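The analysis underlying the following values was restricted to heavy atoms, covering all of them including side chains, and did not include hydrogens, waters or symmetry mates. Residue numbers begin at 1 in each chain, while the letters A, B, ... track the order of the sequences. Note that the structure is a prediction, hence the values are computed from the model and not measured.
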There are 2 protein chains.
Amino acid sequence: MGRPRSYSREAVVEKAMGVFWQNGYKATSISDVVRETGLNTASMYKEFGDKEGLFSAALDHYRDHVIGPRYRILIDNPNLEGVEMFLRNVFLGAAKSEYKGCLMMNHLAQKHVISPEAAEQVGAFCAEVESLVEAALRNAQAEGDIGPDKDTAQLASFVVFCVHGTVLYGRHDEKKHVIPNFYDMIMREIRE
Amino acid sequence: MGRPRSYSREAVVEKAMGVFWQNGYKATSISDVVRETGLNTASMYKEFGDKEGLFSAALDHYRDHVIGPRYRILIDNPNLEGVEMFLRNVFLGAAKSEYKGCLMMNHLAQKHVISPEAAEQVGAFCAEVESLVEAALRNAQAEGDIGPDKDTAQLASFVVFCVHGTVLYGRHDEKKHVIPNFYDMIMREIRE
DNA sequence: ATAGTTTTAGAACATTTATTTTAAAAAAAC
DNA sequence: GTTTTTTTAAAATAAATGTTCTAAAACTAT
């Protein structure tokens with residue numbers, strides 16, 4: 001009952017995410033978001049509470065709709081083959097994308113610019129993806145696909161760092177062509 | 001003639017750099033800088049023109065006094081040994097540092113938050129350090145210290161990415177211990 | 001000393017920002 | 001059709017921000 005809302009929450013979050021991704025938290029104003037989403041200020045605040053609430057929703061959306069799907073293949077194939085497919089996808093996809101960096105990683109160096117809660121979200125995200133990779137690597141080790149002497153935790157850190165950091169460096173536009181080659185380097189690091 | 005200034009430009013830039021480094025450009029207010037440096041607003045604007053001018057001076061200072069010295073050893077030893085010493089220093093030093101990331105890299109994902117001129121400065125910096133590394137690697141190749149099939153440009157990209165990006169990831173505090181091990185991985189990548 | 005020059009402290013200004021309020025608009029319930 | 005409920009549009013507010021101005025302070029040269 002009551003007047004029906006004229007917006008879709010998901011569409012709004014999707015667009016807001018784009019603005020935060022492009023500008024960073026602090027450099028994004030509510031006006032920017034309002035302009036981009038078409039949603040008015042009052043509804044914005046009613047729906048998300050405040051700017052931080054909106055950012056938090058954007059982070060969740062990023063996890064669930066941008067990064068999450070890319071890790072799907074690793075969840076379905078928690079082994080060396082999964083790692084391989086995952087990395088191949090990531091580095092081929094990244095080469096075509098806009099190189100805005102990883103929304104989460106971009107805010108890793110700005111932990112005290114965002115709220116403690118958002119920092120927590122970012123930290124949890126890093127831990128989560130790293131443990132996904134490590135689980136796959138541990139299985140690979142158990143199956144004898146990688147050496148028993150390999151430090152899977154360290155390798156997982158390395159992989160996540162490369163995956164979520166390379167794209168950032170890729171923003172330096174003329175270096176785009178280098179990105180896909182990271183795939184070979186990383187796999188060699190895991191295998192040999 | 002005239003009243004003598006009560007501040008040292010270099011000391012001011014040094015402190016301003018620290019604030020920008022910690023917060024990022026947009027999240028740093030002139031008030032923050034004034035509070036931190038003790039310098040008053042008028043002198044700030046007389047000396048640097050505006051906020052962008054101050055940030056530009058901070059970037060220069062970072063290049064000349066923070067990163068520059070670390071590359072000294074590579075300039076003096078433009079060969080494999082130089083690369084080795086450089087990386088050892090960087091990764092051992094980074095393990096002890098504060099993990100604020102690389103001031104320049106932190107702004108790579110925020111190119112249009114800062115001014116085009118500052119973006120230019122950041123880009124030039126990346127190109128500069130990369131060509132330093134590549135020069136050393138090319139010499140190493142000429143001297144037969146690394147294989148003739150190695151793509152020195154690509155390796156240089158990889159090294160710079162790791163050097164200036166790892167520290168960023170290192171901010172994820174509990175992973176600090178992983179950082180020093182990157183040294184081995186990178187050297188293996190170069191050598192084998 | 002006085003005049004001239006530059007820096008300083010801090011008030012002043014204009015704009016932007018995050019957020020709240022007010023009143024009209026659009027639907028459902030009775 | 002009136003009441004009730006929720007959303008909306010836009011004005012209003014309050015604080016923060018980038019920048020400029022004013023007048024006093026601190027020095028040099030004459």
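- Between the side chains of A:E14 and A:H65, not a single donor N or O lies within less than 3.5 Å of an accepting N or O.
- A salt bridge links A:D76 to A:R72: one of the charged nitrogens lies within less than 4.0 Å of a carboxylate oxygen.
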Per-nucleotide protein contact string for nucleotides 11-25 of chain C, where B marks a base within reach and S marks sugar-phosphate only (heavy atoms under 4.0 Å, - for neither): ------SSBBB---B
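- Contact annotation: B:S43 side-chain N/O to C:dT7 OP1/OP2 distance is not under 4.0 Å.
- Within the 4.0 angstrom heavy-atom criterion, only backbone atoms of the sugar-phosphate kind lie near A:Y7; the bases stay farther away.
- For the pair B:M44 CE and D:dT20 C1', the interatomic distance rounds to 15 Å; values are reported in whole Å.
- Taking atom CZ of A:R5 as the reference point, atom C1' of C:dA27 lies 14 Å away to the nearest angstrom.
- OP1 or OP2 of D:dT7 has at least one side-chain nitrogen or oxygen of A:K46 nearer than 4.0 Å.
- The separation between B:N40 atom CG and D:dG18 atom C1' is 15 Å, rounded to whole Å.
- Between A:F161 and B:F161, the gap from one ring centroid to the other is short of 6.0 Å.
- Note on ring orientation: taking the six-membered ring where Trp is involved, the planes of A:F55 and A:F20 are perpendicular (angle over 60°, cut-offs 30° and 60°).
- A side-chain donor from one of A:Y7 and A:E47 sits under 3.5 Å from a side-chain acceptor of the other.
- The shortest heavy-atom contact between A:Y45 and A:D50 is CE2-CA, 3.8 Å.
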